[in-house]
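Below: one structure, written as structure tokens.
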Amino acid sequence: MLYRFFSSVENGASLIAANRLDAHSYFVPFSCRKYCETADYYKERTFSDRVISLNGEWSFAFFPNGIKNEFDSEGDFPYSISVPCDWEKDGFLPKIFTEGYEFSFRKPVLPAKKIKKNPLGVYKKNFRIGDLSKRYALVFHQVKGEFEFYVNGVFAGFSDVGNGEFDVTAFLNEGVNEILVAVRKYSKAYFLSGGAGFCETGITGDVYLMQRYDNSLKDYDFFCYDEDGNDYGKLDLFFNAISDEATAKVTVEKDGEVLYSATEKIKEKLTFVLDGVYSPFLPENPVTYDVFVEISEQNIVTECTRFKIGFGYSYEIFGAVNYCGKPLKIRGVNYNALFSAEGKPMTEEDYEKDFLLLKKYEFNTVFLNRYFQPEVLRIAAKCGLFTVSGTGVDTSGIKFFNPKKRDMVTDSEEFLPLIDEKVKASFFRDRACPGHLGFSFGEENGKSFCMAKVAEEIASMRSDILFLKNYFAPDGKEKIAVIFNPSVDGLIDEINRVGATSPVFMSEYALSSGIGSVNLGEFSSIIDDTPCCLGGSISYFTDDVYAGKGYRDYGLFSPDRRPYAGAESHRYVNRRIETRLTAEDKMEIFNKSYFLDTSSLQIFLEVVNDG
């Protein structure tokens, strides 16, 4: 089959995506409640009878210098590649870790030599469809590079956003179908990467088909708010609604006990207000509730979806950010793990081990400063961690080495649609996850035109969402003042400068290579004693193990997860329980956290007198 490829770069087009469905909160549909409630919530795609996984072996052809825009799928595919993967790991491209752009440029346009020799990977896979009565959405969770794909020889979609969900119903045949995906390394989105963003290319996330009926859940959002001194939870459900007779049954449960239930005829949007007594989601007591949405037609259930919600919301008051009525204090770490302790690609079990390790060392927030698959946020909530998502816009590697060129990109209206699309893809996907505080622009220059505009638009949709990288309102007032890698005196100066009107957040307030107990102790005291100080994040979780051009080795933990001195210092300084001898016969046990449940703690006391 002869394919004629489209390249937005070579054609000079401003195309961002084609046939890509609107972004939405992450969920996995099942055919019925029985299958839904018995599936492992953290591996739902593996268990769902409405998901057809396309992971695994694909035929693969690679052209390091690109090819003409024609390709014959009947021709030679010399390689087999396992999806998800990346070209660097499999040896098709050299491993590169660079601080700054990989190439020089005068304008934010790819150099001609990069366009002419743009590495191209072509993937092909056959799969079977036995039931064409349903609709089918093809999902790419993460693709590093510009990609287009074809189903049975017909163009079916394009994206430079890094991910996407596409309706492919019209392109499918009953029986065997062929999908072909073409990925190019360099595109417009390449300018929005940096550092670790250059390390991977190709289909690096899961690929699968979802079967859906015409009447189906399209999206959901959940957030909490205060009204007249009372806390409420608002659940918005959005539907692909075709029939007036279809209904949606919504059930909120905790450990199998039904706390709320309602049934409504589906329409484009349904809203449910939860006003009962619900425990908040806190790192020390991460309470979540199960929500089941069952769609029925003529009293027959056609789809069931489950997701977890957590109660709690942040809001700004007098220059500070409060969460559940108390000042929010973030003790975070920039999570950068590409590989497990054994040096293998990360699994759900590996993420859980890492997050429990962070809990052990007294962190309460994980900054996912790369674009991770959606299960990672679910696992973090399970482990009792707040999350701050990356947005796919990460120019941290550009900050010091090419700042003018970085600003050339992020201040350009030409890049606004692409930045807007990438940030909103993360926003809609992650906004309703329990314990999710907000987003990070990856050390982006917060004063840029594009960042401020996107952040303001999202803030108008969800006022409780935090952007923990500096950005400015149109009037110039700082929303959250961010200070990068400050000294203790520098932090105090920043608090004095803006503390009366803006919260202060420290980005990389202690690089792990230079952490000591005395230094951390001073920071910790300021965080605890200063309402406007939000806290900060430490870089990085582990040493980067990307052996190749460029290397960073300043993690809190070694690649096999052995703690360095910095991790031990953090655990000591931020220990939740402190004991103090206040008199010869009196000892005080002080609880530094505001957790509600101490059942997980045991205190062993031994009094020794004269030996």
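- Using a 4.0 Å cut-off between charged side-chain N and carboxylate O, D528 and R331 make a salt bridge.
- Two residues are said to be in side-chain contact when any heavy atoms from C-beta on lie closer than 4.5 Å; F223 and Y313 fail this criterion.
- For Y42 and F355, the gap between ring centers reaches or exceeds 6.0 Å.
- The ring pair (Phe, Tyr, Trp, His ring centres under 6.0 Å) check on Y26 picks up H141, with sequence neighbours excluded.
- Inter-residue side-chain proximity for V423 and I458 is flagged as met; some heavy-atom pair is nearer than 4.5 Å.
- A donor and an acceptor atom, one from each side chain of E362 and Y572, are nowhere located under 3.5 Å apart.
- One distance of note links CD1 of I419 with NZ of K453; it measures 12.5 Å at 0.5 Å rounding.
- Under the ring pair (Phe, Tyr, Trp, His ring centres under 6.0 Å) rule, F311 has a single partner from Y225, Y323, Y232, Y289, which is Y289.
- Once rounded to the nearest 0.5 Å, the distance linking SG of C532 with CZ of F505 reads 13.5 Å.
- Seen from the ring of Y41, R378 counts as a face-on cation partner, given the 6.0 Å and 45° thresholds.
- At least one donor-acceptor pair closer than 3.5 Å links the side chain of K359 to the backbone N or O of G384.
- Contact check for Y315 versus S463: no side-chain heavy atoms found under the 4.5 Å cut-off.
- Atom CG of D430 and atom NE2 of H436 lie 4.5 Å apart (nearest 0.5 Å).
- The shortest side-chain heavy-atom distance between L605 and M587 falls under the 4.5 Å cut-off.
- Rounding to the nearest 0.5 angstrom, the gap separating the NZ atom in K329 from the CG atom in N574 is 12.5 Å.
- The shortest heavy-atom contact between V161 and K422 is O-NZ, 2.9 Å.
- For R45, the salt bridge (Lys or Arg N to Asp or Glu O under 4.0 Å) criterion is met by D206, E375, not counting sequence neighbours.
- Here the straight-line distance linking atom CD1 of I379 with atom CD of E352 works out to 6.5 Å at 0.5 Å rounding.
- Atom SG of residue C383 and atom CG of residue L357 lie 10.5 Å apart, to the nearest 0.5 angstrom.
- Using modelled atom types and a 3.5 Å distance limit, the side chains of D560 and S558 yield a donor-acceptor pair.
- With hydrogens and angles left out, the side-chain atoms of D231 and Y278 include no donor and acceptor closer than 3.5 Å.
- For the pair D221 and R431, the salt-bridge criterion is met [side-chain N within less than 4.0 Å of a carboxylate O].
- Electrostatic pairing of R497 and E494 counts as a salt bridge here, judged by a charged N lying under 4.0 Å from a carboxylate O.
- The residue from Y540, F363, F541 that alone fulfils the ring pair (Phe, Tyr, Trp, His ring centres under 6.0 Å) condition with F557 is F541.
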Going through the checks in order, is the side chain to side chain donor-acceptor pair (under 3.5 Å) test met by T542 and R561? CA-CA 7 Å; T542 62; R561 291 2 181 218; 4.8 Å; no
